[in-house]
Visitor: 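Dropping a structure here in structure tokens format, bear with me for questions.
In this text the structure is predicted, and so the values were computed from the model without any measurement. Basis for what follows: all heavy atoms, side chains included, without hydrogens, waters or symmetry-related copies.
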Amino acid sequence: MRSSVITLALGAAGALLLAACGGSTSPYGGGGGGCTPTSTKICTTAGLQFSPATLTVAAGTTVTWENGGGGAHTVTSATGSADTYDLALATGTVSHQFMTAGTYNFYCKNHGVNGTPPTGMHGAITVQP
């Protein structure tokens, strides 16, 4: 009986710890894996998402994606994008400079589906003049 109570207490403590790890004080959401999103950085998450999924920047801004969720990802421009890029993101970071105003949809070829707009693991960059 005593071991059941200890096991239950440890399980509850573990669940609280995991829930706390998913939190973030960043206004851009939690990234995971030590990655903290910023006004120009997007993180991948263990939940196979980009965080934040949408970002608005000024023309000429370089956006960086950081692999915060582990696993291999890509940052790939979606069909109809005014800009073409296909960046492998196995570890570390990749970057792309957005020069022209518009909306740029992107997705991960490993965990998303290309389209207008893409589905699965995807996001969008809105570039303002």
Visitor: Holding to side chain to side chain donor-acceptor pair (under 3.5 Å), I want the full list of residues that pass it with T79, two or more places apart in sequence or in another chain.
Guide: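 Here the qualifying residues are N114.
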
Visitor: Between CG of L87 and SG of C108, what distance do you get to the nearest 0.5 Å?
Guide: 11.5 Å

Visitor: Please report the interatomic distance CG(N105) to OG1(T119), rounded to the nearest 0.5 Å.
Guide: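 So the CG of N105 and the OG1 of T119 are separated by 11.0 Å.
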
Visitor: Show every salt bridge (charged side-chain N to carboxylate O under 4.0 Å, His left out) that has at least one partner inside residues 51-63, sequence neighbours left out.
Guide: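 Salt bridge (charged side-chain N to carboxylate O under 4.0 Å, His left out) check on residues 51-63 returns no pairs.
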
Visitor: With salt bridge (charged side-chain N to carboxylate O under 4.0 Å, His left out) as the rule and sequence neighbours excluded, what pairs involving residues 69-85 come up?
Guide: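 Residue pairs passing salt bridge (charged side-chain N to carboxylate O under 4.0 Å, His left out), neighbours aside: none found.
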
Visitor: Ignoring hydrogens and geometry, is there a side-chain-to-backbone donor-acceptor pair from S81 to T84 under 3.5 Å?
Guide: no

Visitor: Scan residues 107-128 for pairs that pass ring-ring contact (aromatic ring centres under 6.0 Å, His included), counting only residues two or more places apart or in two chains.
Guide: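 Checked against ring-ring contact (aromatic ring centres under 6.0 Å, His included) - neighbours excluded - the pairs reaching residues 107-128 are H73-H111.
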
Visitor: Could I get the full list of side chain to side chain donor-acceptor pair (under 3.5 Å) partners for T76, not counting sequence neighbours?
Guide: T74, D86

Visitor: Walk me through it: do T44 and L89 pass the test side chain to side chain contact (heavy atoms under 4.5 Å, CB included)?
Guide: CA-CA 9 Å; T44 65; L89 183 56; 3.8 Å; yes

Visitor: By side chain to side chain contact (heavy atoms under 4.5 Å, CB included), which residues pair with T91, not counting sequence neighbours?
Guide: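 So T91 forms no side chain to side chain contact (heavy atoms under 4.5 Å, CB included) with any residue.
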
Visitor: What closest approach, in Å, do P37 and C43 show between heavy atoms, and which atom pair accounts for it?
Guide: N-SG, 3.5 Å

Visitor: Name all residues meeting the side chain to side chain donor-acceptor pair (under 3.5 Å) criterion together with S95; count only those two or more places apart in sequence or in a different chain, and write none if there are none.
Guide: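 For S95 the side chain to side chain donor-acceptor pair (under 3.5 Å) partners, ignoring immediate neighbours, are T64.
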
Visitor: Nearest 0.5 Å, please: how far is OG1 in T93 from CH2 in W65?
Guide: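 Atom-to-atom, W65:CH2 and T93:OG1 are 11.0 Å apart.
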
Visitor: Who pairs with F98 by ring-ring contact (aromatic ring centres under 6.0 Å, His included), at least two apart in sequence or on another chain?
Guide: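 ring-ring contact (aromatic ring centres under 6.0 Å, His included) list for F98, sorted by chain: Y85, H96, Y104.
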
Visitor: Report yes if the side chains of T103 and I125 come closer than 4.5 Å at any heavy-atom pair, otherwise no.
Guide: no

Visitor: Does anything in residues 112-129 pair up under salt bridge (charged side-chain N to carboxylate O under 4.0 Å, His left out), and if so which pairs, sequence neighbours excluded?
Guide: none

Visitor: Extract all donor-acceptor atom pairs below 3.5 Å that involve side chains of residues 56-63 and protein atoms in other chains or at least two apart in sequence.
Guide:
| from | atom 1 | to | atom 2 | distance (Å) |
| --- | --- | --- | --- | --- |
| T61 | OG1 | A58 | O | 2.7 |

Visitor: What residue pairs, at least two apart or across chains, pass salt bridge (charged side-chain N to carboxylate O under 4.0 Å, His left out) with a residue in residues 112-129?
Guide: none

Visitor: About how many Å separate CD1 of I42 and SG of C35, when rounded to the nearest 0.5 Å?
Guide: 10.0 Å

